[in-house]
A.B. asks: 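Pasting a structure below so you can have a look.
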Amino acid sequence: MKTLKKSLCLLLSVVMIMGSCLIFSSAAEESTYVADYDTETPVILVHGMSQNNTYVLDENGERVKGSDGNLDTGWPLDIDITALIKTAIGPLLKAIITRQDAGLADALYQAAFDALPNIHKDNNGNYLKNIEVPCYEMPMSELPADVKEEYYKFLPVQELGEIVGEDKVYYFGYDSIGDVHKETEKLHHYIHDVVMPQTGATKVKLCHISLGGTIAIDYLEKYPEDYELIKKIVFVEPALDGSDIIGDILVGNISVFYDNEDLYENLMVTLLGETPVAYLVNMVLRILPETVLKGALRSLVKGVAEVAIRPTTILWALCPDDYYEEARAIWLEDEEFSKIAAEVDEFMQARANFKDNLFALRDSGCQLYDVVCYDVPLFPLCKDYKTTNADRVIHAASTSIGATFADLGTTLGEDYVAAGTYCNDPTHNHLSPDGVVDATTGLLPCTSWYFKGQAHELLPQNDVALKLSIRLMTDNNMVDVYSNPEAYPQFNSYRLNGNVNLYREQWATADKSLLSQSKIDAVEAAIAKVEALENETVIDNAAWVAAEAELGDALYAAGVIENPNASIIEEILTFILKAGNEAVNYAFDKFITAE
């Protein structure tokens, strides 16, 4: 049940939104670069989706606890698994027995509503329940300890506070499934009535992350008089043209509706990994006739879109321009949704004006930066996920503000010449060494950095991307991609330090009194190796993965952790079920006609 809940949470979260790189040199050379940190200007973090919890309140304004003793949340999604099963189980069993729909499609449509009671809204976008959206009007230095710990878990940017002081760092909390215009107004208030009076500053710096990019679009449109107050904006994986995932959900271009390989092989493996459960679920899906299964899934997606996306303007802000006209005709034409339609139209006009607004902001003296991840497929929900260059959650053209990318697995070609749209300086080279990216068509070619192979949701584990983002926020000398290319080249690879950090914590608290010196030495040597690599900001992903594995093996040999690799039993079971899944799919495709 726990695995099922996690899987559903991941799937629904995606619905609502959310190889090594060739580099300039094989190792960073000794740099003469000297940082000049700005410790006076406060930094406001405008987080991404799921990086601020919201809570259900009772009639007395107290946070509600569920039957499991945990707080009921609006976000992250508090999915009522019991209600979902109760609604769908009867029709599902009937469909299996009769080999017909037997009401399954209608049941799954209703299950989307029954399973997501905390986010129900009326046709004007107002919550039906009382929802608290925490937004603390104080710097990180004054936050309650548990809140600060939670925020640093979402965004591990402790180094930012170490550089400028936590009294200059503010975490702007907003509703990930709320009203984009209300959150924009709240940010305006936060800057003028909280941050500037508390710090005495005359300017602020903003860091807009992922979904937070939609608030930047609306803010620049609504408050041009604030341009002179903004010293820097750092975009980190910003959804500035939404996400193809949301666009495809809204217009019904779901890959599993068209491609049986995606339906019966790829979807569960992507969600659950190469595990026995994933392949077992794949085989179970074959029990239902193809037309029945696809019809049921269409109804489920329609229900989720209706309950979650249609009344939610900040999720509409994730609808890319290319999808909007068709999506609007499907979901917002009825008079009862006229208020939502007008508000979304207003946002789309702000996006149409974004380029002009952004350049006007830059002309006012603001410095603009962007951190982009690419060369990762979108989740297998989008119809074109196999070719669209992305970071798993957002297509790369959106996060890069218009850069050109080759399709996945291809390059732009040996004869490709940079378009030079926004940088035609002959001394500059904004083509990626791997031949995949032409950064000159993005709005910020000289101040955008790219991480190849980095998944969107795992960016907090990429210590180099975090260090870069922090330096862009704080270092006056980090002006463009040519400021310190030895340490931070425009095109880099990726690494994830989550496991290594956990390993070090486990080693620090381990009882070493009974360990032999040779085992202690092996662990310490492995830690030294990963720490040496951490000092390199030009990433060698293969070396990092090998060093991480060596540390895990050393800790396992010392008896500090369980085997970091999959057990031999699980490997065998996975192999058997994968083979079984392939055999079942072959049999159905070859001998059984879809009913």
Side-chain angles (χ1 to χ4, degrees), residues 35-54 133-176 183-184 186-213 215-216 219 226 229-238 361 366-371 447 449 459-478 488 497 501:
D36 175 23
Y37 292 117
D38 172 10
T39 59
E40 300 300 321
T41 310
V43 177
I44 302 173
L45 301 170
V46 185
H47 60 77
M49 177 171 280
S50 80
Q51 293 175 334
N52 188 45
N53 294 345
T54 65
V133 182
C135 183
Y136 296 91
E137 298 190 342
M138 62 188 70
M140 293 289 278
S141 60
E142 297 179 15
L143 288 176
D146 60 330
V147 174
K148 184 193 297 189
E149 181 181 2
E150 179 180 62
Y151 284 165
Y152 276 143
K153 182 178 179 181
F154 291 145
L155 294 175
V157 292
Q158 290 89 332
E159 186 182 356
L160 177 60
E162 294 169 4
I163 292 173
V164 303
E166 284 190 336
D167 59 325
K168 294 292 198 306
V169 180
Y170 287 78
Y171 196 102
F172 174 70
Y174 67 89
D175 186 357
S176 293
E183 302 302 345
T184 299
K186 191 166 74 175
L187 177 61
H188 177 70
H189 155 75
Y190 199 74
I191 292 171
H192 283 268
D193 302 327
V194 178
V195 178
M196 296 183 74
Q198 288 183 6
T199 63
T202 57
K203 289 182 178 288
V204 298
K205 290 179 284 193
L206 298 170
C207 180
H208 290 267
I209 303 164
S210 187
L211 180 66
I215 296 176
Y219 182 70
D226 282 5
L229 304 179
I230 306 173
K231 186 173 182 178
K232 288 184 180 183
I233 290 185
V234 178
F235 294 110
V236 180
E237 297 185 295
L361 175 65
C366 179
Q367 295 172 291
L368 302 170
Y369 304 97
D370 194 12
V371 176
T447 55
W449 284 258
L459 187 70
Q461 295 187 41
N462 185 328
D463 61 312
V464 177
L466 292 178
K467 289 175 184 176
L468 171 63
S469 301
I470 289 168
R471 275 149 186 75
L472 294 176
M473 284 183 266
T474 59
D475 187 353
N476 291 327
N477 286 340
M478 198 71 171
Y488 297 103
N497 65 357
N501 288 338

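Note that the structure is predicted; figures quoted are calculated from it, not measured.
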A.B. asks: Locate the shortest heavy-atom distance separating Met138 from Gln198; write the atom from each residue and the value.
C.D. replies: CA-OE1, 3.8 Å
A.B. asks: Just by distance, do the side chain of Tyr170 and the backbone of Tyr190 share a donor-acceptor pair under 3.5 Å?
C.D. replies: no
A.B. asks: Between Met49 and Leu211, which heavy-atom pair has the shortest distance, and what is it?
C.D. replies: N-CB, 3.7 Å
A.B. asks: Is there any salt bridge (charged side-chain N to carboxylate O under 4.0 Å, His left out) pair reaching into residues 186-210, and which pairs are they, with sequence neighbours excluded?
C.D. replies: Asp38-Lys205, Glu183-Lys186
A.B. asks: Can you check whether Asn52 reaches Ser176 side chain to side chain, under 4.5 Å on heavy atoms?
C.D. replies: no
A.B. asks: Parallel, tilted or perpendicular: which one describes the rings of Tyr219 and His188, with boundaries at 30° and 60°?
C.D. replies: tilted
A.B. asks: Judged by atom type as modelled, is there a donor-acceptor pair below 3.5 Å linking the side chain of Thr54 to the main-chain atoms of Asp175?
C.D. replies: no
A.B. asks: Measure the shortest side-chain to side-chain distance between Asp226 and His192 over non-hydrogen atoms and say whether it is less than 4.5 angstrom.
C.D. replies: yes
A.B. asks: Looking only at heavy atoms, what is the nearest atom pair of Cys135 and Gly173, with distance?
C.D. replies: CB-O, 3.3 Å
A.B. asks: Is the closest side-chain heavy-atom distance between Thr39 and Lys168 below 4.5 Å?
C.D. replies: no
A.B. asks: How long is the span from the OG1 atom in Thr202 to the NZ atom in Lys231, to the nearest 0.5 Å?
C.D. replies: 8.5 Å
A.B. asks: Hey, does the side chain of Thr474 reach the backbone of Tyr37 with a donor-acceptor pair shorter than 3.5 angstrom?
C.D. replies: no
A.B. asks: First locate atom NE2 of His208, then atom CD1 of Ile44, and finally report the distance between them rounded to the nearest 0.5 Å.
C.D. replies: 8.5 Å
A.B. asks: Taking C-beta and beyond as the side chain, do Met473 and Val164 meet within less than 4.5 Å on heavy atoms?
C.D. replies: no
A.B. asks: With rounding to the nearest 0.5 Å, note down the distance linking CE in Met196 to CG in Leu229.
C.D. replies: 4.5 Å
A.B. asks: So, for Ala465 and Leu459, which heavy atoms are closest and what is the spacing to 0.1 Å?
C.D. replies: CB-CD1, 3.5 Å
A.B. asks: Show your working on side chain to side chain contact (heavy atoms under 4.5 Å, CB included) between His189 and Val194 and close with a plain yes or no.
C.D. replies: CA-CA 7 Å; His189 155 75; Val194 178; 4.1 Å; yes
A.B. asks: Which residue, Phe154, Phe172, Tyr174, forms the ring pair (Phe, Tyr, Trp, His ring centres under 6.0 Å) with His47?
C.D. replies: Tyr174
A.B. asks: CG/Leu45 to CG/Leu206 distance, rounded to the nearest 0.5 angstrom?
C.D. replies: 9.5 Å
A.B. asks: I need the minimum non-hydrogen distance between Asp36 and Asp475, along with the two atoms involved.
C.D. replies: N-OD1, 2.9 Å
A.B. asks: Asn53 vs Glu150, test: side chain to side chain contact (heavy atoms under 4.5 Å, CB included). Steps then yes/no.
C.D. replies: CA-CA 10 Å; Asn53 294 345; Glu150 179 180 62; 2.9 Å; yes
A.B. asks: Distance check, rounded to the nearest 0.5 Å: Leu468 atom CG versus Arg471 atom CZ?
C.D. replies: 8.5 Å
A.B. asks: Quick one: closest heavy-atom pair of Asp370 and Pro238, and the distance?
C.D. replies: OD1-CD, 3.3 Å
A.B. asks: If I take atom OH from residue Tyr152 and atom OH from residue Tyr171, how far apart are they, to the nearest 0.5 angstrom?
C.D. replies: 11.0 Å
